[in-house]
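Both ligands and their constituent atoms are indexed starting at 1 by order of listing.
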Amino acid sequence: MPADSHSSVLAGLERIVGSGHVITDADTRRGYEIDWTARFQGSTPAVVRPATVAEVAAIVELCRLERVAIVPQGGNTGLVGGGVPLAGEIVVSLGRMTAIDDVDVAARQLTVQAGATLAAVRAAATAAGLTYPVDLGARDTATIGGNIATNAGGINLIRHGGTREQVVGIEAVLGNGQIVRRMSGLVKDNTGYHLPSLLCGSEGTLAIVTAARLRLTTRYDHRVTALLAFATVEAAVAAVARLRTAIDTLEAAELVLDAGVRLVCAAFDRRPPFARPHPVYVLVEAADVTDPTAALSGAVAALDGVEDAAVADDESRRTQLWRYREEHTLAIGTLGQPHKLDVTIPQHQLAAFMRDIPTRVSRYAPDASTWLFGHVGDGNIHVNVTGVEPDDDGIDEVVLGHVAEIGGSISAEHGIGTAKKRWLHLNRSHAEIEAMRAIKRALDPDGILNPNVLLP
Ligand code: FAD
Ligand code: MLT
Ligand code: ZN
């Protein structure tokens with residue numbers, strides 16, 4: 001940005017939100033300029049922190065006039081480099097917009113501003129005797145705006161769907177500066193294009209989401225978790241498929257491998273789950289209004305190939321079991337900046353994929369390590385590769401190319417961001433990408449919202 005335009009933009013931003021909410025100090029900016037993995041780092045002239053939708057609209061209008069690009073940012077837990085200013089954009093942080101209100105128990109809905117954390121929404125729903133069913137490891141920091149922008153999936157998708165399935169109303173400022181607001185929460189409402197669905201997964205390229213009306217579900221106060229050990233991925237995948245048909249209270253089915261569990265234990269000084277290690281583990285959880293333990297135990301007893309099992313129905317032991325799974329992300333982070341490739345594999349290809357992919361990675365980068373874990377119930381595997389330079393995206397090409405060849409998705413739940421936009425064509429046809437570009441042009445005619453994200 002040229003110096004004169006720079007100072008007029010900063011002065012304009014300060015007029016809109018007050019000088020205390022425009023961060024220009026280099027030390028304070030740093031946390032907004034680098035992503036969670038530390039693989040993507042850029043810089044910004046300013047981080048602006050609006051408090052109202054009117055302020056967000058005024059910021060967008062100012063940036064349009066000044067032809068300055070914006071990166072919307074929530075909790076900055078995104079894993080594809082989509083929420084950080086890699087090309088000198090202004091960061092619009094939603095961190096001051098955290099109100100949660102209009103909790104309607106009868107309609108089973110609540111209204112939330114985009115900067116509220118997922119954990120805060122889940123707590124508000126629980127306090128009302130209900131649940132917000134989306135959940136993920138970054139719950140304490142990730143925001144509802146970020147969840148909507150990435151269409152976050154998480155650990156309970158097999159039962160309740162992802163973020164898109166929960167959003168019944170939205171308030172947002174489009175790239176053209178207009179505010180769209182449809183928050184009545186009418187569940188049946190076929191009056192044209194469904195903007196909440198369009199904005200779910202739009203990664204900050206079409207609009208800045210400022211609030212949403214979310215669907216809530218039954219609160220299940222009884223919960224049981226089991227860690228099951230298997231000799232092979234084939235046996236584990238077959239067991240998950242059988243469990244899904246055997247019990248309809250299954251909320252989560254997560255797969256980890258021995259190497260990942262050892263890494264977690266070493267990184268966080270945890271005891272291993274069983275007296276002897278097993279090649280593959282699946283963590284399953286069932287939840288119901290009455291105790292689901294007998295149903296889960298009965299279904300597990302009928303499975304083939306279970307070599308060991310630990311069952312927990314109290315909070316503290318359940319948390320211990322979940323740590324073997326949820327601490328993977330942090331444990332892998334201790335090894336350096338990982339390439340995080342979040343993919344969906346067709347169910348019948350899962351076992352072969354998990355067997356093949358480490359070999360393909362080693363062929364390209366003999367010193368690299370491949371870490372595999374993820375939401376096996378919906379075919380979503382997180383392929384993390386360490387020991388490769390952060391900007392060596394040849395490794396991404398190897399993994400994503402193979403995923404596309406076998407009919408998978410190159411982005412299951414994290415989005416395309418900047419990390420994967422080169423490969424969007426592997427999954428989307430020319431006509432689809434042109435349709436997306438047309439939508440982008442219509443809602444963001446000056447191309448100021450996240451111009452380096454999603455579309456190649
Ligand atoms: P940010 O990182 O701030 O932004 C992400 C993207 O959304 C960027 O493109 C940004 O520009 C855009 N954006 C943010 N806010 C807005 C807004 N208000 N309006 C428009 N655009 C916006 N993800 C899953 O799906 N499932 C998981 O199980 C999961 N587990 C995770 C576990 C850990 C430990 C970590 C670190 C991350 C995990 N993630 C997971 C990824 C991440 O938490 C999600 O992508 C989350 O939805 C991002 O929310 P955020 O508020 O941090 O968004
Ligand atoms: C997870 O499921 O733990 C996440 O999506 C984060 C990751 O991929 O590391
Ligand atoms: Zn995940």
Side-chain angles (χ1 to χ4, degrees), residues 31-32 35-37 40 50 53 56 60 69-86 89 91-95 97 112-118 134-157 162-164 170-175 199-212 252 254-256 260 322 325-333 338-344 371-376 378 380-384 411-419 421 444 449-454:
Y32 298 86
D35 84 316
W36 196 91
T37 66
F40 300 98
V53 61
V56 175
V60 171
I70 290 173
V71 172
Q73 193 180 95
N76 198 12
T77 66
L79 298 172
V80 287
V84 284
L86 298 179
E89 300 91 338
V91 174
V92 175
S93 165
L94 281 294
M97 298 179 62
V112 57
Q113 283 187 310
T117 64
L118 173 59
V134 176
D135 194 15
L136 39 110
R139 58 184 76 78
D140 293 326
T141 315
T143 62
I144 288 299
N147 287 176
I148 291 172
T150 57
N151 188 27
I155 53 184
N156 295 338
L157 184 138
T163 300
R164 184 175 283 131
I170 207 138
E171 178 192 82
V173 178
L174 303 177
L199 295 188
C200 282
S202 62
E203 301 192 46
T205 61
L206 301 179
I208 301 181
V209 176
T210 51
E254 300 284 315
L255 182 143
V256 292
W322 269 103
R325 160 63 180 92
E326 289 209 325
E327 289 182 347
H328 266 63
T329 309
L330 279 171
I332 291 165
H339 286 240
K340 295 185 84 69
L341 301 160
D342 147 58
V343 302
T344 305
W371 308 92
L372 301 172
F373 62 100
H375 315 286
V376 66
D378 48 57
N380 177 186
I381 299 299
H382 296 308
V383 180
N384 284 209
S411 173
E413 56 173 9
H414 295 166
I416 294 292
T418 50
K421 65 178 182 174
D444 179 20
L449 287 184
N450 251 355
N452 298 303
V453 166
L454 181 56

Considering E413, R139, E327, H382 one by one, which has a heavy atom nearer to atom 26 (N) of ligand 1 than any of the others? E413

Any atom of ligand 1 sitting under 4.0 Å from a heavy atom of I155? no

State whether the shortest distance between N or O atoms of A114 and N or O atoms of ligand 1 falls below 3.5 angstrom. no

Do the side chains of K421 and E203 get close enough for a salt bridge, i.e. N-O under 4.0 angstrom? no

Students should be able to answer this: which protein heavy-atom is nearest to atom 3 (O) of ligand 1, and at what distance? G74 N, 2.7 Å

Which one holds for T150 and ligand 1: side chain close, backbone close, both close, or neither close, with close meaning a heavy atom under 4.0 Å? side chain

What about N450: any of its N or O atoms under 3.5 Å from an N or O on ligand 1? yes

If we only count N/O pairs under 3.5 Å, is T329 in contact with ligand 1? no

Can you report which non-hydrogen protein atom sits closest to atom 33 (C) of ligand 1, along with the distance? A138 CB, 3.7 Å

Atom 10 (C) of ligand 1: closest protein heavy atom, distance to 0.1 Å, is P72 O, 3.1 Å

Closest non-hydrogen protein atom to atom 9 (O) of ligand 1, residue and atom name please, with distance? G82 O, 3.1 Å

Give the numbers and elements of all ligand 1 atoms closer than 4.0 Å to a heavy atom of G78. 2 (O), 52 (O)

Closest to atom 4 (C) of ligand 2 among protein heavy atoms sits H382 NE2, 3.6 Å

Any idea which protein heavy atom is nearest atom 29 (C) of ligand 1, and the distance to it? L136 CB, 3.7 Å

Atom 5 (O) of ligand 2: the protein heavy-atom neighbour that sits closest, reported with distance to 0.1 Å: H414 NE2, 2.7 Å

Donor-acceptor pair, distance only, cut-off 3.5 Å: does the side chain of N450 make one with the backbone of G82? yes

Between G75 and ligand 1, is there a nitrogen or oxygen pair with a distance under 3.5 Å? yes

What distance separates I208 CD1 from L199 CG, expressed to the nearest 0.5 Å? 11.5 Å

Using a strict 4.0 Å cut-off to heavy atoms of H375, name the atoms of ligand 2 that fall inside it. 2 (O)

Give the atoms of ligand 2, by number and element, whose distance to some non-hydrogen atom of L79 is under 4.0 Å. 6 (C), 7 (C), 8 (O)

Taking D342 for the side chain and E413 for the main chain, is one N or O donor matched with an acceptor at less than 3.5 Å? yes

Any donor-acceptor pair under 3.5 Å from R139 side chain to L118 backbone: no

For ligand 1, indicate whether the residue T77 contacts it via side chain, backbone, both or neither (heavy-atom separation under 4.0 Å). both

Where ligand 1 meets A207 - atom numbers and elements under 4.0 angstrom, heavy-atom basis: 20 (C)

Just to confirm my output: which protein heavy-atom neighbour is closest to atom 18 (N) of ligand 1, and how far is it? V209 O, 3.0 Å

For the Zn ion (ligand 3), the closest N/O/S atom belonging to E413: OE2

Would V84 and Y32 count as a side chain to side chain contact (heavy atoms under 4.5 Å, CB included) here? Give the steps. CA-CA 7 Å; V84 284; Y32 298 86; over 6 Å; no

Ranked by distance from atom 46 (C) of ligand 1, the top protein heavy atom is N147 ND2, 3.5 Å

Could you tell me whether any N, O or S atom belonging to H414 is less than 2.8 Å from the Zn ion (ligand 3)? no

Within the structure, does A149 bring an N/O atom to less than 3.5 angstrom of an N/O atom in ligand 1? no

Numbering as shown, the atoms of ligand 1 that approach A152 to under 4.0 Å (heavy-atom distance): 25 (O), 47 (O)

Min over G415, G145, P85 of heavy-atom distance to atom 16 (C) of ligand 1 lands on G145

Close approach of E326 to ligand 1, heavy atoms, under 4.0 angstrom: no

With a 3.5 Å distance limit and no angle check, can you tell me whether N380 reaches the backbone of G374 through a side-chain donor-acceptor pair? no

With respect to atom 51 (O) of ligand 1, which of L118, T143, V71, V80 exhibits the smallest heavy-atom separation? T143

Can you tell me if E254 and H328 form a side-chain donor-acceptor pair at under 3.5 Å? no

N or O contact, I208 vs ligand 1, cut-off under 3.5 Å: no

Numbered atoms and elements of ligand 1 in range of L94, under 4.0 angstrom, heavy atoms: 18 (N)

Backbone or side chain, does any N or O of T141 fall under 3.5 Å from an N or O of ligand 1? no

If the cut-off is 4.0 Å to any non-hydrogen atom of E203, which atoms of ligand 1 fall inside it? 9 (O)

Which ligand 2 atoms are under 4.0 Å away from a heavy-atom of T329? 3 (O), 6 (C), 7 (C), 9 (O)

Scanning both residues in full, the closest heavy-atom pair of S411 with I416 reads CB-CD1, 4.0 Å

Testing the basics here: between L341 and N384, what is the closest heavy-atom pair and its distance to 0.1 Å? N-ND2, 4.4 Å

What is the closest protein heavy atom to atom 3 (O) of ligand 2, and at what distance does it sit? R325 NH1, 3.1 Å

A152 backbone acceptor or donor facing T163 side chain under 3.5 Å: yes

Ligand 1 to G204, heavy atom cutoff 4.0 Å, flagged ligand atoms 20 (C), 21 (N)

Using a 3.5 Å cut-off on N or O atoms only, is V453 in polar contact with ligand 1? no

What I want to know is whether Q73 and ligand 1 share at least one N or O pair that is separated by under 3.5 angstrom. no

Distance filter under 4.0 Å to H375 heavy atoms, resulting ligand 1 atoms: 28 (O)

Specify the protein heavy atom at minimum distance from atom 23 (N) of ligand 1: its residue, its atom name, and the distance to 0.1 Å. H414 CD2, 3.5 Å

Give the atoms of ligand 1, by number and element, whose distance to some non-hydrogen atom of G146 is under 4.0 Å. 14 (C), 15 (N), 47 (O), 49 (O), 50 (P), 51 (O), 53 (O)

